[in-house]
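Letters go in sequence order (proteins before strands), and every chain restarts at 1. These numbers come from the heavy atoms of this one structure, side chains and all, not from hydrogens, waters or symmetry mates.
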Amino acid sequence: MTHRHAIDFDNREKKYVLVEFPYPSGSGLHIGHAFTFTGADVFARFERMQGKNVLFPIGWDAFGLPTENYAIKTGRKPQAVTAENTATFRSQMEELGLSFDYERVVDTTDPTYYKWTQWIFTQLYEKGLAYKQEMPINWCPSCKVGLANEEVVNGNCERCGSPTTHRRISQWVVRITEYADKLIDGLEKTNFIDKVKASQINWIGRSEGARVQFQLVGVDEQLEVFTTRPDTLWGCTFMVLAPEHPFVEKYCLDQPGVHEYVETSRGKSDLERQEVTHDKTGVFSGLMAINPATGKEVPVWISDFVLLSYGTGAIMSVPSGDQRDWDFATKFGLEILPIVQPDNGWDFSQGAYAEKDAVMVNSGPINGLTVAEAIPAALQWLKERNLGEATVSYHLRDWIFSRQHYWGEPIPMVKCEECGWVPVNFEDLPVVLPEVEKYEPTDTGESPLANISEWVNTTCPQCGKPAKRETDTMPNWAGSDWYFLRFVDPHNDQSLADMDKLRYWMPVDLYIGGDEHNTLHLLYSRFIYQFLHDIGAVPAEIPEPYYRRMSHGVILGPDNQRMSKSRGNVIIPEDIINQYSVDAARCYMMFIGPFDATMAWNERALQGTKRFLDRFERLVDMQANTKAETPQAIKALIHKAVAKCQHDFTNFKFNTAVAKLMETLNGIYEHGGAVNPRDLRMLVQAIAPLAPFFAEAAWTKLGGKGSVHASDWPAVDPALIKDDTVEIPVQVNGKLRGTVTVARDADQATVEAAAREIESVAKHLNEGEIRKVIFIPAKTINFVVK
RNA sequence: GCCGGAGUGGCGGAACAGGCAGACGCGCACGACUCAAAAUCGUGUACCUUCGGGUAUGUGGGUUCGAUUCCCACCUUCGGCACCA
């Protein structure tokens, strides 16, 4: 089956069709995989028949916790478990008829692959985009283990169910925020659907505002805050620090209650901390600051509703204009000073007025301005006095790149007493994950690698003195950040992929994946690509990795619930294939609904699809040796079906393509079922992407040469798909009163005359005077009667 | 609260670019074949009706000769973000 292999630098038009590569779990392909991969496969097969040079690769995103946990439980090596799982996936994929280019399979756990994952990290480090910092990790106090975000479900540990807390560990962090604007702007060069663009923009959360300096009283230090509403500065009556703000430890611990409050906040679980509540907690810090606008002293409080990780970790509070500040002020008896004058006699003792439709008052130089005018005016005022300046904040945080687990890419860094952190030299990559007997996490929360002293102890790449390896591994996202580049050149050992091959194949023309990856994976991989673009590792003329992004749908269980073992509603592709055939399963999955919809599995409907294929097969067997010419009407049906499939496959509308094929088969039988094999072969070609095995057999029976999948998509005769006559609706006052069958190019007079012949039309025309006749050629005629 | 989708028969879903709403499939009913069943094949299948028609695409308005399709408001629902200053 050479037709499935992509050929580098071929003269045909290239088409890079990518579907998110799977995590090879122990339970084999699930129905979601089968559905998504089949849709992608139909498209890839269709594009090949269109004469394109299609790159349709697959691989294994095989690092990750389930395998590590399974290995721990069974005492086996993750490497062995992975090999077994990928072999299962591979054979199930072939069984499903998925025409991936298996010669280009990549495996993220293969050292020849992760060599380049590690190389990318060293590049990030050298460009100052990776740094080590104390960052909180999710911590399960019961298991005494650090947890990845994926392992925290509703604030509880996935393994034991107990509530998780935070622990601070020094971790590698990648400066993705540096690329925040580029990631937003780059979307303009892509053809993603709005939903995907919106969720990425939403996730990055760019917001424009100002940084403002407040002088502390009695301490020679300025407190900096971020605000999107510098115009409300005159209404700032207090300030709030995050409990983790450096000033708290520096100046406030002697103040009664502060120490206790900070301790309590730190102990709070994720869930408690994130709970949105109007019941604010807090404590006075003992500090006072000077409101630069009014010159008045305002108290500085500490509260955990302020987050250290956003803005500057401190806010100026304007309780008259912000509901959170209002809640806080009300609870602790702080001053609420109105700075806008709403038209409707707003009562500031009942709540904050956050609308932007009012005029400023009590605000010195900006009194009388509308909010829209006041924001730039206030900014100007601050700038002139050197008290603040415009700035931008993002919800997007820097990316914690460390995991304290075994089954991941080792972070290729060495800690030297003399030189500090030093990246491993290129010649020494990859840093291979040592095979060890035990994978259990350590008591300290460090990676299991920390226990392997012969691996940890090494020499400094810079000065050669004894040094220690980093024992953290990379997150799951690392391997999937750039895998689409490797498919272009999977065996290259000189670079992550050859530049000319990248130039030929990139960008990915169509990337099919789940909505759950619209933010994290898509953003991370776009970031890494943009970074590689900046350092010249990918072609300069290709600024974005993916041209078009397509969401796939979800298949629910027959009970309309998400499939899960506990619900007992799991459909296993293998069972379906064994019972109904691969082709029936594929056609059914494509027929069940739109490719991007959420749909319930329905076994009875599957039988309908099976019936259709059986009926098709009977027709093929019956007509295989027919010599008679095909009636014109049947020929027209076939040409129309081919045209429809061509249109629908192009647009991922597989459900209507299947429906059209069913309709066509019904039509052929209605017209007597006499088809010459030459014409029937056309219909077989149209179904080939959907039902590859059936089509191949039928193609041979009907005397087709070679493989149907290597054949050229049949040419549609335009004369055959355009009917000479059309049936058009006749309306009176917009209501349907009958139809007339006329020549496609019939003029108004002809159609009008024919329409008047219809009894029910004539009757309604007699009810009044004809004021107007609307005639749309070949579409409709409408009499307006009064 | 903010952002983005989606609401059509008993069910999954069709409807190019404003022009016959319900393609195709499931289910159901009846019929053929059969001793019988399965399989297969055929016919019918939105609702109401005084059999003239009338009413129907979440609800209420609007634009239009004509609206599932366009506009406004609302309801429901799904997904993402959320004490983000």
Using a heavy-atom cut-off of under 4.0 Å over every strand shown, decide if [X] touches base, sugar-phosphate, or nothing.
{"X": "Thr656(A)", "value": "sugar-phosphate"}
{"X": "Asp515(A)", "value": "nothing"}
{"X": "Ser317(A)", "value": "nothing"}
{"X": "Lys195(A)", "value": "sugar-phosphate"}
{"X": "Ile592(A)", "value": "sugar-phosphate"}
{"X": "Arg771(A)", "value": "nothing"}
{"X": "Ser207(A)", "value": "sugar-phosphate"}
{"X": "Asn655(A)", "value": "sugar-phosphate"}
{"X": "Gly311(A)", "value": "nothing"}

Contact nearer the 5' end of RNA chain B, comparing Thr519(A) with Thr609(A)
Thr609(A)
Between Arg229(A) and Glu727(A), the residue closer to the 5' end of RNA chain B by nearest nucleotide is Glu727(A)
Out of [options], which nucleotide sits closest to the side chain of [X]?
{"X": "Trp203(A)", "options": "C81(B), A85(B), G19(B)", "value": "C81(B)"}
{"X": "Arg615(A)", "options": "A14(B), G19(B), C41(B)", "value": "C41(B)"}
{"X": "Ala605(A)", "options": "C65(B), A85(B), C26(B)", "value": "C26(B)"}
{"X": "Ala198(A)", "options": "C3(B), C16(B), C65(B)", "value": "C3(B)"}
{"X": "Met599(A)", "options": "G42(B), G13(B), C65(B)", "value": "G13(B)"}

List in numerical order all residues of residues 658-674 of chain A for which some heavy atom is under 4.0 Å away from an atom belonging to RNA chain B.
Ala659(A), Met662(A), Glu663(A), Asn666(A)
Give a yes or no on whether Gln748(A) atom CD has more than 12 heavy-atom contacts from other residues, nucleotides or ligands under 6.0 Å away.
yes
Any donor-acceptor pair, under 3.5 Å, between the side chain of Asn202(A) and the base of C81(B), if you only look at N and O atoms?
no
C20(B) base to Gln731(A) side chain: any donor-acceptor pair below 3.5 Å?
no
Rounding to the closest angstrom, what is the interatomic distance between [N] and [M] at atom [atom1]?
{"N": "A46(B)", "M": "A36(B)", "atom1": "C1'", "value": "36 Å"}
{"N": "C70(B)", "M": "U57(B)", "atom1": "C1'", "value": "16 Å"}
{"N": "C24(B)", "M": "G5(B)", "atom1": "P", "value": "32 Å"}
{"N": "C83(B)", "M": "C72(B)", "atom1": "P", "value": "31 Å"}
{"N": "A38(B)", "M": "A29(B)", "atom1": "P", "value": "12 Å"}
{"N": "A21(B)", "M": "U55(B)", "atom1": "P", "value": "13 Å"}

Under 3.5 Å side-chain donor-acceptor pair for Asn202(A) and Ser199(A)
no
Between Asn569(A) and Arg562(A): side-chain donor-acceptor atoms closer than 3.5 Å
no
What is the distance, to the nearest angstrom, from the [atom1] atom on [X] to the [atom2] atom on [N]?
{"X": "Trp301(A)", "N": "C83(B)", "atom1": "CH2", "atom2": "C1'", "value": "17 Å"}
{"X": "Lys610(A)", "N": "A39(B)", "atom1": "NZ", "atom2": "P", "value": "13 Å"}
{"X": "Asn518(A)", "N": "C78(B)", "atom1": "CG", "atom2": "P", "value": "19 Å"}
{"X": "Asp648(A)", "N": "C24(B)", "atom1": "CG", "atom2": "P", "value": "15 Å"}
{"X": "Asn602(A)", "N": "G13(B)", "atom1": "CG", "atom2": "C1'", "value": "12 Å"}
{"X": "Ile201(A)", "N": "A82(B)", "atom1": "CD1", "atom2": "P", "value": "16 Å"}
{"X": "Ile193(A)", "N": "C3(B)", "atom1": "CD1", "atom2": "P", "value": "19 Å"}
{"X": "Trp601(A)", "N": "C11(B)", "atom1": "CH2", "atom2": "P", "value": "21 Å"}

Aromatic ring proximity, centroids under 6.0 angstrom, [Y] and [X]:
{"X": "Phe35(A)", "Y": "Phe595(A)", "result": "yes"}
{"X": "Trp346(A)", "Y": "Tyr353(A)", "result": "yes"}
{"X": "Phe612(A)", "Y": "Phe591(A)", "result": "no"}

Where Ser551(A) and Asn518(A) come nearest, the two heavy atoms and their spacing
OG-ND2, 4.3 Å
Test ring-ring contact (aromatic ring centres under 6.0 Å, His included) on Phe238(A) and Phe332(A) and set out the steps.
CA-CA 11 Å; Phe238(A) 62 101; Phe332(A) 295 103; 8.9 Å; no
Do the side chains of [X] and [Y] get close enough for a salt bridge, i.e. N-O under 4.0 angstrom?
{"X": "Glu617(A)", "Y": "Arg615(A)", "answer": "no"}
{"X": "Arg206(A)", "Y": "Asp181(A)", "answer": "yes"}
{"X": "Lys763(A)", "Y": "Glu759(A)", "answer": "no"}
{"X": "Lys610(A)", "Y": "Asp614(A)", "answer": "yes"}

Watson-Crick and G-U pairing of RNA chain B, under 3.5 Å, as dot-bracket with | and [ ]:
(((((((..(((......[....)))((((((.......))))))(((....)))..(((((..]....))))))))))))....
Would you please confirm or rule out a distance under 4.0 Å between OP1 or OP2 of [N] and any side-chain N or O of [X]?
{"X": "Arg618(A)", "N": "U40(B)", "value": "no"}
{"X": "Arg604(A)", "N": "C11(B)", "value": "no"}
{"X": "Lys653(A)", "N": "A23(B)", "value": "no"}
{"X": "Arg611(A)", "N": "C26(B)", "value": "yes"}

Does NZ or CZ of Arg549(A) lie under 6.0 Å from the centre of the six-membered ring of Phe192(A), at an angle within 45° of the ring axis?
no
Does Lys280(A) count as lying over the ring of Phe305(A), i.e. NZ or CZ under 6.0 Å from the six-ring centre, within 45 degrees of the axis?
yes
Pick out the pairs of N or O atoms, protein on one side and nucleotides 51-55 of chain B on the other, that lie under 3.5 Å.
unit_1	atom_1	unit_2	atom_2	d
G52(B)	O3'	Lys763(A)	NZ	3.3
G52(B)	O2'	Lys763(A)	NZ	3.0
G54(B)	OP1	Arg737(A)	NH2	3.3
G54(B)	OP2	Arg737(A)	NH1	3.2

Per the glycosidic torsion and the 90° limit around 0, nucleotide G52(B) is syn
G44(B): syn or anti, per glycosidic angle within 90° of 0
anti
Verdict with supporting geometry, Trp399(A) and Tyr179(A), ring-ring contact (aromatic ring centres under 6.0 Å, His included)
CA-CA 12 Å; Trp399(A) 177 13; Tyr179(A) 278 69; over 10 Å; no
